[in-house]
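Quick notes on the structure that follows.
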Number of protein chains: 2
Amino acid sequence: MKKMEHNECMSALLPVRDTLDIIGGKWKILILISIWEGNKHFREIERSIPKLSTKVLSKELKDMEENQLITRSVLNGFPVRTEYTPTEHSKTLEKVILELQNWGTNHRKKIFGDKSVTNNSVHV
Amino acid sequence: MKKMEHNECMSALLPVRDTLDIIGGKWKILILISIWEGNKHFREIERSIPKLSTKVLSKELKDMEENQLITRSVLNGFPVRTEYTPTEHSKTLEKVILELQNWGTNHRKKIFGDKSVTNNSVHV
DNA sequence: GTAATCAGTTACCTTTTGGTAATCAGTTAC
DNA sequence: GTAACTGATTACCAAAAGGTAACTGATTAC
């Protein structure tokens with residue numbers, strides 16, 4: 001594995017910040033996955049994610065469009081419909097998300113799962 | 001690559017949330033790397049990261065200790081010193097961080113860089 | 001005209017996160 | 001005893017993120 005270098009201000013971490021800004025927050029990954037799964041329309045996405053409000057969804061979709069994770073197109077018709085579709089670029093996030101998921105799973109095991117815990121001095 | 005499944009509430013994403021909670025925020029990764037690089041003491045870590053305040057550092061170190069990313073030991077002596085050392089478990093984050101870094105770098109290229117610009121015109 | 005659907009926006013509020021500055025407590029050097 | 005270093009904690013603020021609920025506009029169905 002590549003070794004991480006330490007320069008003046010660890011500017012190698014700027015991209016890390018970027019990524020965290022783009023997929024961080026409470027809803028972004030949820031929304032992205034919902035769209036990946038085939039939900040295309042605003043209300044459809046909204047309904048697929050419990051507790052997500054229209055305001056937040058609206059804002060997140062804008063961010064995600066800016067970051068080229070989705071494209072938005074308006075279909076003129078009966079009740080006007082918008083269609084959100086994932087970009088190819090968005091697919092490159094799958095690997096990142098799986099890595100996060102993986103680590104989280106192992107971390108959970110590490111923290112709670114080991115019943116033969118060797119850690120006597122756990123402080124509250 | 002493993003396919004992502006969609007269940008009732010996408011509970012497979014709970015671990016993703018965990019991970020983001022643990023390494024998210026403005027300072028956690030910075031602090032972790034500083035410690036990986038060999039900074040052991042409170043002031044040492046503080047000084048290695050510009051703009052980081054004692055209050056925030058103090059809080060983040062506690063969180064990181066709780067999450068078993070570092071261990072804290074107090075050495076009694078002259079001016080009392082504490083020593084923070086990275087755990088083996090923390091090392092497993094390297095892969096995750098590199099993945100985030102990688103994606104961020106490529107994303108930057110995608111968004112700004114398509115003119116064969118490497119990294120000259122990076123805006124902060 | 002009334003209701004209902006789609007796709008949002010707006011105003012207002014609460015919670016979380018981060019930042020500033022002062023202070024505390026212990027110890028050494030002068 | 002006063003300053004300076006260590007490792008913090010506390011009180012007080014400011015900004016960002018997130019939540020609630022009402023409302024706009026357009027169109028279709030009744």
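Not measured: the values here are computed from a predicted model. Just so we're on the same page: letters track the sequence lines, and every chain starts at 1.
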* Asked: With a non-hydrogen cut-off below 4.0 angstrom, is Lys62(A) in contact with a base, only sugar-phosphate, or nothing?
  -> sugar-phosphate
* Rounded to the Å, how far apart are Leu61(A) CG and dT9(C) P? -> 10 Å
* Structure fact -> To the nearest angstrom, the CG-P distance between Asp21(A) and dG18(C) comes to 12 Å
* Asked: Between the main-chain N or O of Gly104(A) and the side-chain N or O of Asp18(B), is there a donor-acceptor pair closer than 3.5 Å?
  -> no
* Asked: For dC13(C), which nucleotide in any strand shown is its Watson-Crick or wobble partner with both distances under 3.5 Å?
  -> dG18(D)
* Asked: Taking side chain as C-beta onward, heavy atoms only, is Phe42(A) less than 4.5 Å from Leu57(A)?
  -> yes
* Asked: Under 4.0 Å: is that the gap between some side-chain N or O of Tyr84(A) and OP1 or OP2 of dG8(C)?
  -> yes
* Asked: Quick one: which of dT5(C), dT9(D), dG7(D) gets closest to the side chain of Phe42(B)?
  -> dG7(D)
* To do: Could you please name the partner base of dT6(D), counting Watson-Crick and G-U wobble pairs only when both distances are under 3.5 Å?
  => dA25(C)
* Could you give the NZ-to-P distance, from Lys26(B) to dA14(D), as a whole number of Å? -> 16 Å
* Asked: Across all strands, who's sitting opposite dC30(C) as a Watson-Crick or G-U wobble pair, both distances under 3.5 Å?
  -> dG1(D)
* Asked: How many Å lie between CG on Leu75(B) and C1' on dT27(C), as a whole number?
  -> 15 Å
* Nearest-Å distance, CD (Glu46(B)) to P (dC5(D))? -> 13 Å
* Asked: Taking NZ, NE, NH1 and NH2 as the nitrogens, is one of them in Glu65(A) or Lys62(A) under 4.0 Å from a carboxylate oxygen of the other?
  -> no
* Structure fact -> Of the listed dT5(C), dA7(C), dG19(D), the closest approach to the His41(A) side chain comes from dA7(C)
* Structure fact -> Whole-Å distance, Arg72(A) CZ to dA7(C) P, equals 10 Å
* **Proximal nucleotide (of dG18(C), dG8(C), dT10(C)) relative to the Lys55(B) side chain** => dG18(C)
* Phosphate contact (dA26(D) OP1 or OP2) by Arg81(A) side-chain N/O below 4.0 Å -> no
* Met64(A) versus Asn67(A): any side-chain heavy-atom pair under 4.5 Å? -> no
* To do: Kindly say if Ser58(B) contacts the phosphate of dT9(D), meaning a side-chain N or O under 4.0 Å from OP1 or OP2.
  => yes
* Atom-pair distance (CZ on Arg47(A); C1' on dA7(C)), nearest Å -> 12 Å
* Of the candidate nucleotides dT10(D), dG18(D), dA8(D), which contains the atom at the shortest distance from the side chain of Arg43(B)? -> dA8(D)
* **pair Ile97(A)-Glu94(A): side-chain heavy atoms closer than 4.5 Å** => no
* N or O in side chain of Ser53(B) less than 4.0 angstrom from dG19(C) OP1/OP2 -> no
* Among dA22(C), dA7(C), dG7(D), which nucleotide sits nearest the side chain of Thr54(B)? -> dA22(C)
* Asked: Trp27(A) has a side chain; which of dA22(D), dG18(D), dA21(C) sits nearest to it?
  -> dG18(D)
* Find which nucleotide of DNA chain D each of Lys59(A) and Lys59(B) is nearest to by heavy atoms, and output the residue with the more 5' nucleotide. => Lys59(B)
Only distances under 3.5 Å count here; give the side-chain donor-acceptor pairs of residues 83-90 of chain B to other protein atoms, sequence neighbours excluded, each with its distance to 0.1 Å.
| from | atom 1 | to | atom 2 | distance (Å) |
| --- | --- | --- | --- | --- |
| Tyr84(B) | OH | Arg72(B) | NE | 3.3 |
| Thr85(B) | OG1 | Thr71(B) | OG1 | 2.7 |
| Thr87(B) | OG1 | Gln68(B) | O | 2.7 |
| Thr87(B) | OG1 | Leu69(B) | O | 3.2 |
| Thr87(B) | OG1 | His89(B) | N | 3.4 |
| Thr87(B) | OG1 | Ser90(B) | N | 3.0 |
| His89(B) | NE2 | His107(A) | ND1 | 2.8 |
| Ser90(B) | OG | Trp36(B) | NE1 | 3.0 |
| Ser90(B) | OG | Thr87(B) | O | 2.7 |

* Asked: Whole-Å distance between dT15(C) P and Lys51(A) NZ?
  -> 15 Å
